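A quick note: this is a predicted structure, and the numbers were derived from the prediction, not measured.
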Amino acid sequence: YLTMYENKQEIAEAYKKIPVIVLDRGVEGYDYTLYIGPDNRSIGREAGKYVSELLGGARGRVVEIRGPENLPSVKERSLGFREEVGQHENIEIVSVLGADWQRDKAEDQMAELLEKDPQVDIVFAHSDYMALGAYKAAEKRGMKYIHFVGIDGSSGPAGGLQQVEDGILKGTFTCLTGGRESIQYALDILHH
């Protein structure tokens, strides 16, 4: 049973009957056979280091855009990010937005924030897609001085790597889901 469900109860019910491999987004508890996913706390710390490097010791006002608050991956990314930027007195997190992985929601919330407080230096979004939404909000206001950092680092014409190349994002962090590994481990489990 390969799953990307985030519902602990559904996973626990399936696990009573068959092996369960949880991909990408961690779940609470241990009712699964195998978890394959990124070290989100480490990714958050690396993003914090990069934000610090971008500021180069200058004062910086940062906006963090998160996915759904109930996900362990979101909590871990934010925790790692805050652990790192908390070591730098020059960095202030001025706002936290929750855009639920949605580009349009990130754009709307960023537009609303910039209306009230245009003094933002960097946006750190937990996905490249939300970073793109925030970028579009700033672009509509002519705010070209804001740097955008995301997570996903996917390839392709709309992916984060292309957004970096196009100058939309200042940086992105690769967050592999482990799809290839999940198939291999599923086969290993089936063959005992």
Side-chain angles (χ1 to χ4, degrees), residues 1-52 62-88 91 93-107 109-110 113 122-134 148-154 159-161 169 171-186 188-189:
Y1 183 75
L2 298 173
T3 183
M4 288 189 77
Y5 293 126
E6 295 158 358
N7 185 321
K8 178 180 165 182
Q9 186 111 7
E10 289 176 356
I11 293 169
E13 287 300 314
Y15 182 63
K16 289 177 184 176
K17 301 172 191 156
I18 56 176
V20 174
I21 297 175
V22 178
L23 291 178
D24 189 30
R25 291 184 173 69
V27 295
E28 294 177 1
Y30 298 97
D31 292 326
Y32 53 88
T33 308
L34 177 65
Y35 166 74
I36 301 173
D39 181 346
N40 284 295
R41 191 168 177 177
S42 177
I43 291 170
R45 277 195 299 269
E46 290 302 313
K49 287 178 188 174
Y50 186 60
V51 165
S52 175
V62 177
V63 172
E64 180 181 9
I65 304 178
R66 299 179 185 171
E69 289 296 320
N70 62 329
L71 296 179
S73 59
V74 171
K75 293 173 187 172
E76 292 165 9
R77 286 177 184 180
S78 188
L79 177 62
F81 182 71
R82 289 164 182 279
E83 286 173 348
E84 181 59 35
V85 299
Q87 298 177 41
H88 304 277
I91 302 174
I93 299 174
V94 294
S95 188
V96 177
L97 306 176
D100 301 325
W101 309 127
Q102 298 175 30
R103 192 205 75 187
D104 291 344
K105 191 170 183 178
E107 182 176 349
Q109 289 186 9
M110 189 70 188
L113 174 73
I122 297 178
V123 172
F124 164 56
H126 289 214
S127 79
D128 294 337
Y129 203 52
M130 292 187 300
L132 176 60
F148 299 87
V149 176
I151 296 176
D152 289 331
S154 57
L161 296 176
L169 300 182
T172 183
F173 289 84
T174 304
C175 185
L176 302 174
T177 61
R180 177 180 298 158
E181 292 84 356
S182 68
I183 299 300
Q184 184 58 53
Y185 281 112
D188 290 349
I189 291 168

Least distance between heavy atoms, [X] atom then [Y] atom:
X    : Y    : answer
I43  : P38  : CD1-CB, 3.8 Å
M130 : A99  : SD-CB, 3.5 Å
S78  : R66  : OG-NH2, 2.9 Å
K75  : N70  : NZ-O, 4.1 Å
G160 : L169 : O-CD1, 4.1 Å
I36  : G178 : CG2-CA, 3.8 Å

Distance (rounded to the nearest 0.5 Å) between [X] [atom1] and [Y] [atom2]:
X    : Y    : atom1 : atom2 : value
F81  : I91  : CZ    : CD1   : 7.0 Å
F124 : R82  : CZ    : CZ    : 10.0 Å
I21  : I189 : CD1   : CD1   : 4.0 Å
R45  : D39  : CZ    : CG    : 6.5 Å
I151 : D128 : CD1   : CG    : 8.5 Å

- Task: Decide yes or no for F148 and L132: does some side-chain heavy atom of the first lie under 4.5 Å from some side-chain heavy atom of the second?
- Result: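 SC-SC contact between F148 and L132 ruled out.
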- Task: For the residue pair M110 and L113, establish whether any side-chain heavy-atom pair is separated by less than 4.5 Å.
- Result: yes
Within the side chain of [X], is there an N or O that forms a donor-acceptor pair under 3.5 Å with the backbone of [Y]?
X    : Y    : value
D152 : C175 : no
E84  : G44  : no
T33  : V20  : yes

- With sequence neighbours excluded, what pairs up with E76 under the side-chain hydrogen bond (donor to acceptor under 3.5 Å, both in side chains) test?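 E76: no side-chain hydrogen bond (donor to acceptor under 3.5 Å, both in side chains) contacts found.
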- What residues form a side-chain hydrogen bond (donor to acceptor under 3.5 Å, both in side chains) with R103, not counting sequence neighbours?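 Listed in chain order: nothing, the list is empty.
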- Take V63 and Q109 through the side-chain contact (heavy atoms from CB on, under 4.5 Å) test and state the conclusion after the steps. CA-CA 11 Å; V63 172; Q109 289 186 9; over 6 Å; no
- Can you check side-chain contact (heavy atoms from CB on, under 4.5 Å) on V85 and V62, steps first, answer last? CA-CA 10 Å; V85 299; V62 177; over 6 Å; no
- Query: Between L71 and W101, does a side-chain contact (heavy atoms from CB on, under 4.5 Å) hold up when you go through it step by step?
  - Reply: CA-CA 12 Å; L71 296 179; W101 309 127; 3.7 Å; yes
- Message: Walk me through whether E64 and H126 qualify under side-chain contact (heavy atoms from CB on, under 4.5 Å).
- Response: CA-CA 8 Å; E64 180 181 9; H126 289 214; 2.8 Å; yes
